[in-house]
Every structure is written in C-alpha cells, then in structure tokens.
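Both ligands and their constituent atoms are indexed starting at 1 by order of listing. As the structure is a prediction and not an experimental result, all values here were calculated from the model.
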Amino acid sequence: MVKELIYQGKAKSVYSSDHQDEVVIEYRDDATAFNGVKKASLVDKGRVNNLFNAYIMQKLEEAGVKTHFVKILSDNESLMKKLKMIPVECVVRNYAAGGICKRLGIEKGMKFVEPIFEFFLKDDALGDPMINTSHILAFNWASESEIAFMRKTTFKVNEVLSKLFDDSGLLLVDYKLEFGRFHDEILLGDEFSPDGCRLWDRKTREVFDKDRFRQDLGDVIGHYKEVARRIGLAL
Ligand code: 5GP
C-alpha cells in the first residue's frame with residue numbers, strides 16, 4: 001500500500017489507502033487547545049483516542065447513525081470512508097460550560113430545560129465563530145436538507161451517548177460533531193473522543209475531558225482511560 005499524506009490536522013493525519021473511497025486516519029499524540037494556540041504532546045493520546053473513537057462509532061452505528069468508520073488498522077490508525085467535509089461544527093449542550101457561559105453570562109453546571117444546538121464555522125484563524133442556518137445557506141456550506149440531517153443526527157447521538165455515559169456515572173455535558181458528504185449520503189466524520197466533548201463525574205463533577213488539558217488539571221490521558229474503562233472499553 002502506498003500511503004500518501006493528504007492532510008495534516010492538529011491531532012490527526014489523513015493518508016490515502018488502497019481504495020480511492022477510503023482513507024487512513026492516524027491519531028497522533030499531539031494535543032492542542034484554543035484553536036491551536038496551546039500545544040503539547042501527550043504520551044499514548046493517539047492510541048487512546050483511536051480506540052475510543054472506534055468504540056463510540058461502533059456504538060453509534062449499532063443505534064442506526066451512519067459514520068465514516070470502517071475498521072481499526074493499528075493502535076493509532078483506523079480506516080475511514082473518504083468524506084468531503086462540510087465546514088461547520090455541530091454542538092449540542094446539555095449542561096452549561098465553556099463558550100456558552102462566557103457568551104451568555106450563565107453559571108457553569110446548570111442543566112438546560114432541553115438540549116441546546118449550535119453551529120460554528122470551522123475556521124481556526126477566525127476562532128470558529130458561531131453561525132446560524134442563514135449563514136450556512138447564504139455561503140452555500142450546506143443545503144436546507146443537509147442542515148436538517150446534521151441537526152437531527154446530532155440530537156440522535158445525544159440520546160445514544162447521554163445514556164451510555166449516564167450508565168457509567170458520567171454526564172455528557174456537551175460535544176462537537178462534524179459531518180461530510182460520501183456519494184449521495186451524509187456521514188458522521190471526524191472523531192468522538194474526550195478531546196471534543198465534556199464529561200463530568202455525575203456525583204463529584206470531576207472533569208474527565210479535554211478541559212483537563214485546557215485548564216492544566218493534570219493526568220489528561222489517565223482520565224480519558226478511566227472514561228474508557230467505565231464505558232466498558234479495556235485499553
Ligand atoms: P465550547 O463552545 O464550549 O468551547 O465547546 C463546546 C463543546 O464542543 C466542547 O465539548 C468542546 O470540546 C467541543 N468543541 C467545540 N469546538 C471544538 C474544536 O474546535 N475542537 C475540539 N476538539 N472540540 C471542540
């Protein structure tokens with residue numbers, strides 16, 4: 001197999017595979033925060049996120065959510081369907097944390113009456129600004145039906161994963177998803193790992209996600225591994 005680098009992201013690299021419809025995604029040990037401003041290398045992060053993502057994508061597939069995941073290739077590589085990414089981030093929030101607290105001046109930790117859905121433009125240089133469906137349509141980033149599909153699927157993921165984490169004593173506070181086009185379908189792309197969501201212990205509210213890195217709370221990967229253990233994934 002001739003592996004050619006197609007794209008290098010902040011924590012993952014995308015390589016060509018033997019099949020033109022598939023790519024190899026390599027999970028590196030690199031960690032970044034604040035749109036790439038804070039950087040570090042965390043031992044074992046690539047392996048943990050690769051295996052964590054594979055486990056979650058398989059759970060989502062079992063629940064009827066179509067994803068780009070094909071199979072694990074090695075400790076830090078998986079085979080994925082090659083998507084044409086839609087340049088928006090879909091965020092669902094169940095509890096107040098992070099961006100929404102700053103934006104709306106609300107107290108961290110409050111549970112919303114119903115989950116909140118938000119779109120952001122995927123653009124580090126602009127700091128991923130919040131956008132709405134009107135922007136997405138006006139700039140032709142996605143169609144009306146694609147917007148509806150991404151929204152519906154992001155909420156479906158919330159149902160499936162809130163239960164999975166809740167059963168393990170964890171609160172799914174919020175998370176970010178990205179989607180891409182594959183022939184005539186839209187598939188869930190990117191990754192689901194503690195890098196792109198917030199997870200708190202249900203009783204103590206201890207932080208188990210990337211906020212440990214953002215806020216220098218320590219033992220980032222130890223906490224990712226503990227999440228994996230609690231949801232039934234031996235790492
Ligand atoms: P916030 O808007 O509060 O910063 O983020 C909301 C949720 O989406 C958090 O779980 C956060 O980790 C995730 N998220 C939003 N944007 C990004 C991003 O660009 N990269 C990653 N890894 N996660 C993001």
Side-chain angles (χ1 to χ4, degrees), residues 7-14 25-42 45-46 48-50 52-53 56-57 85-112 115-132 135-136 141 150-151 153-155 157-158 160-162 164-166 170-180 188-201 205-217 220-221 223-224 227:
Y7 173 77
Q8 178 128 8
K10 294 191 292 284
K12 300 190 286 290
S13 302
V14 182
I25 297 199
E26 180 203 1
Y27 291 73
R28 307 192 313 269
D29 284 349
D30 299 327
T32 69
F34 312 118
N35 297 308
V37 173
K38 179 172 177 167
K39 290 182 195 162
S41 178
L42 303 177
K45 175 174 180 282
V48 169
N49 278 3
N50 179 38
F52 194 103
N53 174 68
I56 296 289
M57 291 281 166
M85 295 307 290
I86 296 172
V88 303
E89 300 183 343
C90 300
V91 168
V92 159
R93 301 177 189 274
N94 296 305
Y95 293 81
I100 198 167
C101 293
K102 279 197 203 130
R103 204 179 323 118
L104 301 182
I106 49 174
E107 198 183 324
K108 182 176 165 186
M110 74 175 272
K111 187 177 194 313
F112 299 121
I116 294 173
F117 182 92
E118 297 169 343
F119 279 121
F120 295 86
L121 177 64
K122 195 173 162 61
D123 188 326
D124 274 347
L126 295 177
D128 291 351
M130 192 180 192
I131 52 171
N132 64 30
H135 298 103
I136 297 175
W141 289 319
M150 290 191 287
R151 200 183 152 88
T153 308
T154 306
F155 277 124
V157 167
N158 197 36
V160 178
L161 297 188
S162 288
L164 177 81
F165 290 118
D166 194 59
L170 292 161
L171 296 176
L172 179 58
V173 172
D174 56 27
Y175 57 91
K176 181 261 301 178
L177 301 181
E178 295 179 29
F179 293 85
L188 175 60
D190 191 48
E191 76 180 78
F192 192 102
S193 74
D195 263 6
C197 68
R198 289 193 173 93
L199 292 162
W200 296 344
D201 182 89
R205 301 230 162 174
E206 184 181 357
V207 170
F208 279 85
D209 55 73
K210 191 168 154 181
D211 276 349
R212 296 203 72 83
F213 174 65
R214 294 187 186 102
Q215 299 166 15
D216 294 319
L217 300 176
V220 179
I221 301 307
H223 282 73
Y224 286 18
V227 174

Review point. Just wondering, do L172 and N158 contact through their side chains at under 4.5 Å, heavy atoms?
Key: yes
Point to revise | Identified side chain to side chain donor-acceptor pair (under 3.5 Å) partner of K176 from the options D190, D128, T154 | key: D190
Check your understanding: Hey, are the side chains of Y175 and V92 touching, using non-hydrogen atoms and a 4.5 Å cut-off?
Key -> yes
Review point. Partners of R214 by salt bridge (charged side-chain N to carboxylate O under 4.0 Å, His left out), sequence neighbours excluded?
Key: D211
Point to revise | Residues in side chain to side chain donor-acceptor pair (under 3.5 Å) contact with R212, at least two apart in sequence or another chain | key: H223
Point to revise | Those protein residues which place at least one heavy atom below 4.0 Å from ligand 1 | key: E89, V91, R93, A97, G98, G99, D128, D174, Y175, K176, D195, G196, C197, R198, K210, R214
Point to revise | ring pair (Phe, Tyr, Trp, His ring centres under 6.0 Å) partners of W200, counting only residues at least two apart | key: none
